[in-house]
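Okay, structure first, notes after.
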Amino acid sequence: MRVKLSLMTLLLSLAMLSLACGGGRAVSGGSKTKVKGDRERISHSDGVEPMWIQECPARTDHLLPFCGQTHKMASEKMACSAATADAIGKLRRFIGQKVSAKLEADGQGGYHFSMAGTESEAVTIRGAWESERWAEEYDGGGRTHDCYVMITYPRIEYDRLVHKAKELAQQRASKAGALHAEARGFIEEGRHAEAATLLNRADKLLVDIGDAVQLDGGTNTKLLHEQIKADLAIASKGAAEAGSTVLVVVSVTIDEKPHKGKYQKLVRNTVQKWLSAKGLKIRPGGLNKAQVEAVLGGDRQAAAQAAASKGAGLLMVVELNSEFRTKEEGTYHAYGSGELRFIRTSDGREIYTSELVEEKGSHPFNKKGAHDLALKNSLKRTVKQAVDAALTKI
């Protein structure tokens, strides 16, 4: 009996030892071994493998879940970062069906949406959170990591987001409409560069609006956007043409008295001829008295607007003066001088300016002949030189 008991004890011990030696690999959380192809899971996040990693939960009236995943990454950190990006992408695409908004991390484990309002306003609405994460490590051809991330967004926050987006879309549409109306006025006045600037701003306000927003007058943002694009094409073409079109304004004085006769015509025609030879278009027609006074008075903004109203993107102002000084041994001596200014009308900037140095004109019989020579010498020498220098600035 004693022998039988000893034998039974030995067999029982061997059986227990066999069981102990033949046990499976330990897995964090006590789960059974999981195999994916040639990979075998060796660890995972604490707890029981969740069902949502197989199929993301359905959206409800209260909660909107978005699940992301990634596989065979070199580290758990890389895997979970990629899975988070996958989930965020799905959330962003869902939101993008109704709302144009940027989704960014808030630094506290959540995310918030930023929406553009009018040009000076940005609105933030919060509410999206990473609610669950599940990570797995596998062995087989090296250590690799899988990760699953679920981000949830409360339905009430989504509804608030959509409502706010509609409010902002209405504001942006109204602003775009006002800019469009102002730009149309500029187009009618020939101020195409200014119109193009306004229309570009209007276009940017409407480019991200999803569903059409109704506006006063029976139109909507879709139709408004089409009109803005059409007018932008017209304004851009006009601005391009204006960029190579020059309006020439000339002032001639004789002994400090304004002269509007042949000298003024001579200077204008000669300067226009030089500009045409350089491939620039000449805008015919003059300015009214108030505009001329503003131009000659150095008011660059008024000068730019005056030229732009004529469809000219460039304005050249030539002020030429002749002053009689002496009569020596029967010869009359006059001196010509002045200033040349070259202005770009799109921004009113003076891109070139030059003081015209004195040129002498002498005539043996009278002052008129001396003035004539002084002005012609100035035109041929200093004005021509200044015009050539000005054109290098465009």
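Quick caveat: nothing in here was measured; it's all calculated off a predicted structure.
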Fill in: Close side-chain approach of D203 to L199, heavy-atom, < 4.5 Å
no

Worksheet item: For H333 and R325, what are the C-alpha separation, side-chain angles and deciding distance, and is it a side chain to side chain contact (heavy atoms under 4.5 Å, CB included)?
Response: CA-CA 6 Å; H333 302 285; R325 290 186 186 169; 5.7 Å; no

Discussion item. For the aromatic rings, using the six-membered ring if either is Trp, is the centroid distance between F94 and Y153 under 6.0 Å?
Written reply: no

Worksheet item: Is the closest side-chain heavy-atom distance between L205 and L179 below 4.5 Å?
Response: yes

Worksheet item: Would the number of heavy atoms belonging to other residues, nucleotides or ligands and lying under 6.0 Å from CG of D61 be above 12?
Response: no

Fill in: side chain to side chain donor-acceptor pair (under 3.5 Å) partners of T253, counting only residues at least two apart
N321

Discussion item. My understanding is that only residues two or more places apart in sequence, or in another chain, count here; which of them pass ring-ring contact (aromatic ring centres under 6.0 Å, His included) with Y335?
Written reply: none

Item to complete: Indicate yes or no: does K90 engage D86 in a salt bridge with an N to O separation below 4.0 Å.
Response: yes

Practice prompt. Give a yes or no answer on whether the side chain of D255 reaches the backbone of F324 with a donor-acceptor pair at less than 3.5 Å.
Written response: yes

Practice prompt. Indicate yes or no: at least one non-hydrogen side-chain atom of L223 is less than 4.5 angstrom from one of E226.
Written response: yes

Fill in: Audit row: K278, L275, side chain to side chain contact (heavy atoms under 4.5 Å, CB included) steps and yes/no
CA-CA 5 Å; K278 296 293 185 178; L275 296 174; 5.8 Å; no

Item to complete: Answer yes if V248 and L315 sit in the same cluster of Ile, Leu, Val, Met, Phe, Trp and Tyr residues linked by side chain heavy atoms under 4.5 Å apart, and no otherwise.
Response: no

Worksheet item: Is the backbone of G313 close enough, under 3.5 Å, to the side chain of T345 for a donor and an acceptor to pair up by distance?
Response: yes

Worksheet item: Taking only residues two or more places apart in sequence or in another chain, which ones pass side chain to side chain donor-acceptor pair (under 3.5 Å) with Q291?
Response: N288

Worksheet item: Does a side-chain heavy-atom distance below 4.5 Å link I187 with H192?
Response: yes

Fill in: From CD (E132) to OG (S45), nearest 0.5 Å
10.5 Å

Fill in: R283 side chain to K310 backbone, donor-acceptor under 3.5 Å
yes

Discussion item. Show, in sequence, the C-alpha distance, side-chain angles and deciding distance for F342 and I394, and conclude whether the side chain to side chain contact (heavy atoms under 4.5 Å, CB included) test is met.
Written reply: CA-CA 10 Å; F342 201 32; I394 59 174; 3.7 Å; yes

Item to complete: State, yes or no, whether a side-chain contact exists between T221 and R172 at a heavy-atom distance under 4.5 Å.
Response: no

Worksheet item: Among all residues two or more places apart in sequence or in another chain, which pass the side chain to side chain donor-acceptor pair (under 3.5 Å) test with R39?
Response: T144, D146

Item to complete: Check whether M316 and L266 end up in the same hydrophobic cluster, where Ile, Leu, Val, Met, Phe, Trp and Tyr are linked by side-chain heavy atoms less than 4.5 Å apart.
Response: yes

Discussion item. Quick check against the 3.5 Å criterion: does Q264 have a side-chain atom that pairs as donor or acceptor with the backbone of V250?
Written reply: yes

Discussion item. Once side chain to side chain donor-acceptor pair (under 3.5 Å) is applied, do any residues pair with E194, and if so which ones, sequence neighbours excluded?
Written reply: R191

Worksheet entry | Sub-4.5 Å side-chain heavy-atom contact between H44 and Y138 | no

Discussion item. On a heavy-atom basis, which atom in T70 and which in A83 lie closest, and how many Å separate them?
Written reply: CG2-N, 3.9 Å

Discussion item. Does anything in residues 233-289 form a ring pair (Phe, Tyr, Trp, His ring centres under 6.0 Å)? List the pairs, not counting sequence neighbours.
Written reply: H259-Y263

Discussion item. I need the minimum non-hydrogen distance between G311 and A242, along with the two atoms involved.
Written reply: O-CB, 3.5 Å

Worksheet item: What disulfide (SG to SG under 2.5 Å) pairs are there with at least one residue in residues 138-169, not counting sequence neighbours?
Response: C80-C147

Fill in: Residues in salt bridge (Lys or Arg N to Asp or Glu O under 4.0 Å) contact with E350, at least two apart in sequence or another chain
none

Worksheet item: In terms of hydrophobic clusters joined by side-chain contacts under 4.5 Å, are L247 and V318 together?
Response: no

Discussion item. Do L391 and L280 make a side-chain contact, defined as non-hydrogen atoms from C-beta onward lying under 4.5 Å apart?
Written reply: yes

Discussion item. Taking side chain to side chain donor-acceptor pair (under 3.5 Å) as the cut-off, I'd like each qualifying pair that reaches into residues 233-250, sequence neighbours left out, listed once.
Written reply: none

Response to the item:
So the salt bridge (charged side-chain N to carboxylate O under 4.0 Å, His left out) pairs with at least one residue in residues 326-343 (sequence neighbours excluded) are E319-R341, E339-R341

Worksheet item: Got a sec, which pairs hit ring pair (Phe, Tyr, Trp, His ring centres under 6.0 Å) with one end in residues 67-87, sequence neighbours left out?
Response: H71-Y148

Item to complete: Look at the side-chain heavy atoms of Ile, Leu, Val, Met, Phe, Trp and Tyr, link any pair under 4.5 Å apart, and say whether V267 and I254 land in one connected group.
Response: yes

Worksheet item: Going only through I, L, V, M, F, W and Y residues with side-chain contacts under 4.5 Å, is there a path from L356 to I351?
Response: yes

Worksheet item: Would one find more than 12 heavy atoms of other residues, nucleotides or ligands at under 6.0 Å from atom CD of Q385?
Response: no

Discussion item. Between E40 and D139, does the side chain to side chain contact (heavy atoms under 4.5 Å, CB included) criterion hold? Intermediate values first, please.
Written reply: CA-CA 5 Å; E40 180 181 354; D139 190 18; 5.5 Å; no

Worksheet item: Can you tell if the side chain of E157 reaches within under 4.5 Å of the side chain of R160, non-hydrogen atoms only?
Response: yes

Worksheet item: Is there any salt bridge (charged side-chain N to carboxylate O under 4.0 Å, His left out) pair reaching into residues 362-390, and which pairs are they, with sequence neighbours excluded?
Response: K262-D372, E359-R381, D372-K376, K384-D388

